[in-house]
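Written out below as structure tokens is the structure these notes cover.
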Amino acid sequence: MLSVENLSVNYGAIRALHDVSCRVEQGEIVALIGANGAGKTTILNTISGIVPSMGGVIAFEGTEITRMAPHLIVRKGICQVPEGRRVFARMSVQENLEMGGFILSGKQEVARGIERAFTLFPRLAERRKQPARTLSGGEQQMLAMGRALMSNPRLLLLDEPSMGLAPMLVEKIFEIVVEINKSGTTIMLVEQNASMALSIAHRAYVLETGEVVLSGDAGELARNPEVRKAYLGE
Ligand code: ATP
């Protein structure tokens, strides 16, 4: 579905990614794990078209999207839930969801999308008129995910959904990620919480200083002694 080949990205003199290749097959949850600054967010931002690449090719469903504008990439069927949620603070829950539906053609389609988001996240329905800045961290994460799903993406890019959340909420969010995947959305997941990410992912890539150092079946990686020592706190 998605293929990233030999991707290189620099921020000025800083090399963020070097020759990174990875792929996502339809129906998968693929996790990207690695330490702070390894380049995980940069991969998602480059796929979304927010960060320009220096070299390499990104293709989605057979079409090259490497230098496409972000709003066109959304129209192709890829949507990102950014790190830190980035909800529109002064807008209500409902207005945030409407913004996520900017590519939809009619009011009915938007209303259907919002109802779907409320079914997935009943908590948001209760708070539909509340300004997004007054939501808790977990609720903001749900809103950011609901907003991204409004565009009916076939590939959802999730950046650190567990960041700053209490352990119980982290579990809840991961359950919802699995549910979204089971209902047909392919997912690329960036996570600091490597053990949670590996527990729900089909496959994973391990990044170190801008390069892929390991990849494979998520269960196998979770049993790999090097991964356990470096990322699973053993
Ligand atoms: P984290 O988990 O901390 O978010 P990450 O693996 O997602 O880390 P990136 O955010 O992709 O890593 O950053 C990769 C490298 O690029 C880091 O060294 C970071 O400091 C650098 N970097 C990221 N964004 C910028 C920027 N806008 N300008 C300059 N350097 C940047």
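No donor-acceptor pair under 3.5 Å is formed between the side chain of E171 and the backbone N or O of M168. Judged purely by atom type and a 3.5 angstrom limit, K40 uses its side chain to pair as donor or acceptor with the backbone of A35. When atom types are taken as modelled, the side chain of T42 and the backbone of A16 share no donor-acceptor pair closer than 3.5 angstrom. When atom types are taken as modelled, the side chain of Q130 and the backbone of S92 share no donor-acceptor pair closer than 3.5 angstrom. E211 places no side-chain N or O within 3.5 Å of a backbone atom of E208 that could act as its donor or acceptor partner. N96 contributes a side-chain N or O that, together with a main-chain N or O of F88, makes up a donor-acceptor pair within less than 3.5 Å. A donor-acceptor pair is defined here as one N or O able to donate and one able to accept, closer than 3.5 Å; such a pair exists between the side chain of Q140 and the backbone of L135.
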Check the pair M150 / V110 against side-chain contact (heavy atoms from CB on, under 4.5 Å), numbers first and verdict last. CA-CA 7 Å; M150 285 294 294; V110 173; 4.1 Å; yes

Go through L32 and M188 one step at a time and tell me if the side-chain contact (heavy atoms from CB on, under 4.5 Å) criterion holds. CA-CA 8 Å; L32 299 177; M188 194 169 197; 4.0 Å; yes

Before giving the answer on side chain to side chain donor-acceptor pair (under 3.5 Å), spell out for T186 and Q26 the whole-Å C-alpha distance, their side-chain angles and the decisive distance to 0.1 Å. CA-CA 6 Å; T186 306; Q26 184 154 358; 5.5 Å; no

For Y11 and V51: C-alpha separation, side-chain torsions, deciding distance, then whether side-chain contact (heavy atoms from CB on, under 4.5 Å) applies. CA-CA 9 Å; Y11 297 106; V51 164; 3.9 Å; yes

Verdict with reasoning, M145 to I173, per side-chain contact (heavy atoms from CB on, under 4.5 Å): CA-CA 10 Å; M145 287 163 70; I173 291 288; 4.2 Å; yes

Walk me through it: do E28 and N181 pass the test side chain to side chain donor-acceptor pair (under 3.5 Å)? CA-CA 7 Å; E28 282 188 313; N181 175 250; over 6 Å; no

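Shown here for L165 and G138, the closest heavy-atom pair between the two residues is CD2-N, 3.4 Å. Here the shortest heavy-atom pairing between A144 and V81 reads CB-CG1, 3.7 Å. The two residues S53 and V9 make their nearest non-hydrogen contact at CA-CG2, 4.0 Å. Taking every heavy atom of both residues into account, R86 and R147 meet most closely at O-NH1, 2.9 Å. Considering every non-hydrogen atom in both N152 and E109, the closest pair reads ND2-OE2, 4.5 Å. Between V190 and D159, the shortest heavy-atom contact is CG1-OD1, 3.2 Å.
Side chain to side chain, S162 and E191 meet the donor-acceptor criterion of an N or O pair below 3.5 Å. Using a 3.5 Å distance cut-off with no hydrogens or angles, the side chains of R85 and Q141 do pair a donor with an acceptor. When only modelled atom types and interatomic distance are considered, Q80 and N45 share a side-chain donor-acceptor pair under 3.5 Å. Side-chain contact, E5 with S21: no donor N or O sits under 3.5 Å from an acceptor N or O.
The CD1 atom of I114 lies 13.0 Å from the CG atom of L149; values are rounded to the nearest 0.5 Å. Here the CE atom belonging to M91 is positioned 4.0 Å from the CE atom belonging to M99, to the nearest 0.5 angstrom. Separation of atoms OG1 (T63) and CD1 (I58) is listed at 13.0 Å; rounding is to 0.5 Å. Interatomic distance, S8 OG to R15 CZ, rounded to the nearest 0.5 Å: 7.5 Å. The CD1 atom of I65 sits 10.5 Å away from the OG1 atom of T46 when rounded to the nearest 0.5 Å. Between the NE2 atom of H71 and the OG atom of S48 there is a distance of 13.5 Å, given to the nearest 0.5 Å.
Residue pairs meeting the salt bridge (Lys or Arg N to Asp or Glu O under 4.0 Å) criterion with at least one partner in residues 41-64, sequence neighbours excluded, are E61-R154.
V178 and M142 fall within the same hydrophobic cluster, where Ile, Leu, Val, Met, Phe, Trp and Tyr residues are linked whenever their side-chain heavy atoms come under 4.5 Å apart, directly or through other members. I187 and M1 are members of different hydrophobic clusters when ILVMFWY side chains are connected at heavy-atom separations under 4.5 Å. One hydrophobic cluster, built from ILVMFWY side chains closer than 4.5 Å, cannot hold both M163 and F121; they sit in different ones. L156 and L104 fall within the same hydrophobic cluster, where Ile, Leu, Val, Met, Phe, Trp and Tyr residues are linked whenever their side-chain heavy atoms come under 4.5 Å apart, directly or through other members. Connection of L120 to L124 is established within a shared hydrophobic cluster, with ILVMFWY side chains joined at heavy-atom distances below 4.5 Å, either directly or through further cluster members.
Hydrophobic cluster membership for L221: I33, L198, V206, V213, L214, V227, Y231, L232 (Ile, Leu, Val, Met, Phe, Trp, Tyr linked by side-chain heavy atoms under 4.5 Å, directly or transitively).
Cation-pi geometry between R23 and Y205 is not satisfied (NZ or CZ under 6.0 Å from the ring centre, within 45° of the ring normal).
When side chains are defined from C-beta on, N193 counts as touching V170, because their heavy atoms get closer than 4.5 Å. Taking the side chain as every heavy atom from C-beta outward, L189 and I200 approach each other to under 4.5 Å. The closest side-chain heavy-atom distance from L207 to V20 is below 4.5 Å. Looking at V93 and E139, their side chains never come closer than 4.5 Å, going by heavy atoms from C-beta outward.
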